[in-house]
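Below: one structure, written as structure tokens.
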Amino acid sequence: MITQVTKGIRISVATSFEGTFFKNYKTHFAFGYTITIENQSKHSVQLTSRHWQIYDALNEMEILDGEGVIGKKPVIKPGQSHTYSSGCLLSSPIGSMKGYYNMVNFSTTEKFRVFVPPFKFSAPFALN
């Protein structure tokens, strides 16, 4: 598991290889990831949006921006956490992601970024 703390918000990431499948005469590699966002600060915060940089060994980097995470904009009180799972399709068995969450501190109305550490994707058969 990979972790990083920004402004009292701890991000932990675990990844998994979900398998391969064929679509449009092309092989795709499916990866899953579970992220826990833990509020170690003294203020309630809300995650408002996300920014991802997705790296695929066989393609150019893809940038993905969106509201919230999996359709939610969680409010996380001090000492609480929010965990969600999502996935990523790559053209190769090796890749990675990194990014950040845009958040708002409810006490100060300050907007800030919480960085997600780079995490790697690798199919077990690709690591020989």
Side-chain angles (χ1 to χ4, degrees):
M1 183 169 297
I2 296 168
T3 61
Q4 181 170 331
V5 178
T6 307
K7 293 196 174 194
I9 309 299
R10 180 185 174 115
I11 305 295
S12 302
V13 185
T15 62
S16 60
F17 175 63
E18 302 297 324
T20 59
F21 67 94
F22 294 95
K23 181 180 177 185
N24 298 330
Y25 304 102
K26 189 174 180 184
T27 301
H28 295 272
F29 300 88
F31 295 92
Y33 57 91
T34 299
I35 296 183
T36 299
I37 305 162
E38 181 183 354
N39 186 352
Q40 299 177 334
S41 78
K42 296 178 182 178
H43 307 285
S44 292
V45 298
Q46 182 176 27
L47 188 156
T48 59
S49 63
R50 69 190 183 284
H51 172 87
W52 290 120
Q53 294 176 357
I54 304 168
Y55 299 90
D56 184 328
L58 296 177
N59 283 321
E60 293 187 21
M61 177 190 62
E62 179 183 354
I63 293 179
L64 182 65
D65 291 297
E67 294 291 313
V69 289
I70 61 166
K72 297 179 182 176
K73 294 182 179 180
V75 173
I76 310 167
K77 295 179 181 177
Q80 294 186 344
S81 63
H82 177 78
T83 300
Y84 74 95
S85 296
S86 191
C88 182
L89 291 177
L90 300 179
S91 298
S92 74
I94 297 173
S96 67
M97 283 178 65
K98 71 177 182 177
Y100 58 83
Y101 299 123
N102 288 309
M103 303 191 93
V104 176
N105 179 320
F106 278 171
S107 298
T108 65
T109 67
E110 172 195 10
K111 294 180 181 180
F112 63 100
R113 288 183 176 167
V114 172
F115 292 93
V116 179
F119 53 96
K120 297 178 182 179
F121 298 122
S122 56
F125 60 83
L127 300 175
N128 194 355

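All values below were derived from every heavy atom in this structure, side-chain atoms included, with hydrogens, water molecules and symmetry-related copies excluded.
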So do the side chains of [X] and [Y] get within less than 4.5 Å of each other, counting heavy atoms only?
X     : Y      : result
Val69 : Ser86  : no
Ile11 : Val114 : yes
Pro93 : Ser122 : no

Does the plane of the ring in [X] sit parallel, tilted or perpendicular to the ring in [Y]? Use 30° and 60° as the thresholds.
X      : Y      : result
Phe21  : His28  : parallel
Tyr100 : Phe115 : perpendicular
Phe17  : Phe125 : perpendicular

Do [X] and [Y] belong to the same hydrophobic cluster, where Ile, Leu, Val, Met, Phe, Trp and Tyr are linked whenever their side-chain heavy atoms lie under 4.5 Å apart, directly or via other members?
X     : Y      : result
Leu47 : Leu64  : yes
Val75 : Ile35  : no
Ile63 : Leu58  : no
Ile37 : Phe112 : yes
Leu89 : Met61  : no

Could you tell me the separation between the [atom1] atom of [X] and the [atom2] atom of [Y], rounded to the nearest 0.5 Å?
X     : Y      : atom1 : atom2 : answer
Arg10 : Ser81  : CZ    : OG    : 11.0 Å
Phe31 : Cys88  : CZ    : SG    : 8.0 Å
Gln53 : Asp65  : CD    : CG    : 9.5 Å
Ile76 : Met103 : CD1   : CE    : 4.5 Å
Thr34 : Tyr84  : OG1   : OH    : 9.5 Å
Tyr33 : Ile2   : OH    : CD1   : 13.5 Å

Do Thr3 and Ser12 meet the criterion of a side-chain donor-acceptor pair at a distance under 3.5 Å?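 No - no donor-acceptor pair under 3.5 Å links their side chains.
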
Hydrogens and angles aside, do Glu18 and Ser16 bring a side-chain donor and acceptor to less than 3.5 Å of each other?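 The criterion, which ignores hydrogens and geometry beyond distance, is satisfied for Ser16 and Glu18.
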
For Arg50 and Gly68, indicate whether the former's side chain and the latter's backbone hold a donor-acceptor pair under 3.5 Å.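 Yes; judged by distance alone, with no hydrogens or angles, the pair exists.
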
Can you check whether Leu90's main-chain N or O pairs, donor with acceptor, with Asp56's side chain at less than 3.5 Å?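 It does not hold such a pair.
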
Walk me through it: do Thr48 and Asn102 pass the test side chain to side chain donor-acceptor pair (under 3.5 Å)? CA-CA 6 Å; Thr48 59; Asn102 288 309; 5.4 Å; no

Among Glu110, His43, Gln40, which one satisfies side chain to side chain donor-acceptor pair (under 3.5 Å) with Lys7?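 Only match with Lys7 under side chain to side chain donor-acceptor pair (under 3.5 Å): Glu110.
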
Test Glu62 against Trp52 for side-chain contact (heavy atoms from CB on, under 4.5 Å), laying out the working first. CA-CA 8 Å; Glu62 179 183 354; Trp52 290 120; over 6 Å; no

Closest approach of Lys26 to Ser91 (non-hydrogen atoms, all atoms of both residues):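 Minimum heavy-atom separation between Lys26 and Ser91: NZ-OG, 3.3 Å.
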
Could you report the tightest heavy-atom contact between Pro78 and Ser41, atom names first, then the distance?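 It is CB-O, 3.3 Å.
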
Kindly write out the residues that satisfy salt bridge (Lys or Arg N to Asp or Glu O under 4.0 Å) with Glu67, not counting sequence neighbours, or none if the list is empty.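 Glu67 satisfies salt bridge (Lys or Arg N to Asp or Glu O under 4.0 Å) with Lys73 only.
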
